Participant: 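Okay, here's the structure, questions in a sec.
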Amino acid sequence: MNENPPPMIPEDLPVSPPPETPRGVMARLRAYFLTGLIVAGPIAITFYLTWWFVTWVDGIVRPFVPLVYRPETYLPFGLPGSGLIVAVVGLTLLGFLTANLIGRTLVDLGEALLGRMPVVRAIYRGLKQVFETLFSGKGSSFRRVGLVEFPSPGMWSIVLISQPPSVEIASSLPGKEEFISVFLPCAPNPTTGFFFYVPKSKIIDVDMSAEDAATLIMSAGVVQPGGDAQKKVNALAEMANAARVATASQSPTAAKVE
């Protein structure tokens, strides 16, 4: 019977780490997959929405184009975007014709005809005001961003500043302070939200574009304004490095033998 004690291993002897476990490999692959999804997801959705819009306009305009002028008549395949080009050219030509006296007279006659229809005139006037405000380039609606204390004191929400109220509404609002109409978009869908009048003194102007505000709301604060492309690439690289460090830290280390 051998009674000799086993040899003692010095505590400062370096112990080589064990090989990487399958769990660490899966965590690293998951981090790479999420990084690729962050890069490719917005690009794929942007291309899909653009393709959907082009095909939607083509489907509306193509039936009004004579068969002899369609590209697919002379090509073995359809040409996406041809209807969109026809729509842009047609709208530009319509704007050119309505800029002269004859076109303006025809438009006034058409508006007078719609103004005599009880239900149609309300819809037409409302839509016309919206389109003139959004696309005329002269108004300031939804081009300014502000902060309003909502829904409770100490909590601030981003709003898009619109126009002052009409005389009828302004005379009905309490107090003598000047009010302004604002739209509070909801996350993650900024097309829905709340519309209300608020005193101008209660609004804090923010140096931010409406596009950045919409991005901030849709991402629920994940994407902050002011970041450039290089910062986003660096953030993705840091995410991958953090995942690799986390994987290495989760690997079991050898215990010291005393």
Side-chain angles (χ1 to χ4, degrees), residues 38 41-42 45-46 49-50 53 91 95 98-99 104 107-108 111 114-115 117-236 238-239:
I38 293 174
I45 295 176
T46 301
L49 293 178
T50 304
F53 177 75
L91 292 175
T98 54
R104 184 68 258 176
V107 172
D108 291 339
E111 291 182 349
L114 293 175
M117 301 180 183
V119 179
V120 177
R121 64 185 178 187
I123 300 175
Y124 172 74
R125 289 176 180 175
L127 291 176
K128 182 182 178 182
Q129 291 178 357
V130 171
F131 273 74
E132 286 180 346
T133 303
L134 294 178
F135 299 105
S136 64
K138 299 179 181 179
S140 59
S141 296
F142 296 156
R143 297 185 181 180
R144 294 170 52 201
V145 181
L147 290 174
V148 174
E149 200 169 14
F150 180 87
S152 62
M155 302 177 65
W156 295 86
S157 300
I158 293 180
V159 295
L160 302 178
I161 303 174
S162 186
Q163 298 288 344
S166 61
V167 178
E168 294 80 7
I169 297 179
S171 60
S172 302
L173 292 172
K176 298 181 179 180
E177 191 172 357
E178 185 179 358
F179 284 77
I180 194 168
S181 56
V182 298
F183 176 70
L184 192 155
C186 291
N189 183 10
T191 59
T192 61
F194 302 93
F195 171 79
F196 50 88
Y197 296 100
V198 62
K200 293 185 66 175
S201 60
K202 302 297 184 181
I203 300 177
I204 300 177
D205 287 303
V206 179
D207 187 13
M208 182 190 304
S209 64
E211 292 78 8
D212 290 340
T215 303
L216 179 63
I217 294 170
M218 285 189 294
S219 64
V222 175
V223 180
Q224 295 291 330
D228 54 8
Q230 186 61 36
K231 290 183 179 180
K232 295 180 181 179
V233 173
N234 294 338
L236 294 176
E238 291 177 0
M239 182 190 305

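This one's a predicted model, so the numbers in the text were calculated from it and none came from an experiment.
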Participant: Could you tell me if the side chain of Ile203 sits less than 4.5 Å from the side chain of Ile161, heavy atoms only?
Facilitator: yes

Participant: When rounded to the nearest 0.5 angstrom, what is the spacing between CG in Leu173 and OH in Tyr197?
Facilitator: 7.5 Å

Participant: Hey, what do you get for CE (Met155) to CZ (Phe150), rounding to the nearest 0.5 Å?
Facilitator: 9.5 Å

Participant: Is there a side-chain contact between Ile204 and Trp156 (heavy atoms, below 4.5 Å)?
Facilitator: yes

Participant: Just so I know, are the side chains of Val148 and Leu184 near enough to count as touching, which here means a heavy-atom distance under 4.5 Å?
Facilitator: no

Participant: Does Glu111 reach the side chain of Leu114, with side-chain heavy atoms less than 4.5 Å apart?
Facilitator: no

Participant: Without swapping roles, check the side chain of Glu149 against the backbone of Gly154 for a donor-acceptor pair under 3.5 Å.
Facilitator: yes

Participant: In terms of heavy-atom contacts, does CZ of Phe194 have more than 12 from other residues, nucleotides or ligands at under 6.0 Å?
Facilitator: no

Participant: Please give me the minimum heavy-atom distance between Asp205 and Arg144, naming the atom from each residue.
Facilitator: OD1-NH2, 3.0 Å

Participant: If you define the side chain from C-beta out and look only at heavy atoms, does anything of Val145 sit under 4.5 Å from Leu160?
Facilitator: yes

Participant: Determine, step by step, whether Val159 and Leu147 satisfy the side chain to side chain contact (heavy atoms under 4.5 Å, CB included) criterion, reporting the C-alpha distance in whole Å, the side-chain angles of both residues, the deciding distance to 0.1 Å, and the verdict.
Facilitator: CA-CA 6 Å; Val159 295; Leu147 290 174; over 6 Å; no

Participant: Looking at Gly193 and Cys186, what are the two nearest heavy atoms and their distance?
Facilitator: CA-SG, 3.5 Å

Participant: If we ignore hydrogens and angles and just use 3.5 Å, is the side chain of Ser162 paired with the main-chain N or O of Ser181 as donor and acceptor?
Facilitator: no

Participant: If you compare all heavy atoms of Lys200 against all heavy atoms of Glu177, which two are closest, and at what distance to 0.1 Å?
Facilitator: N-OE2, 4.5 Å

Participant: Is the closest side-chain heavy-atom distance between Val198 and Ile180 below 4.5 Å?
Facilitator: yes

Participant: Could you give the distance from CE (Met208) to OG1 (Thr215), rounded to the nearest 0.5 Å?
Facilitator: 10.0 Å

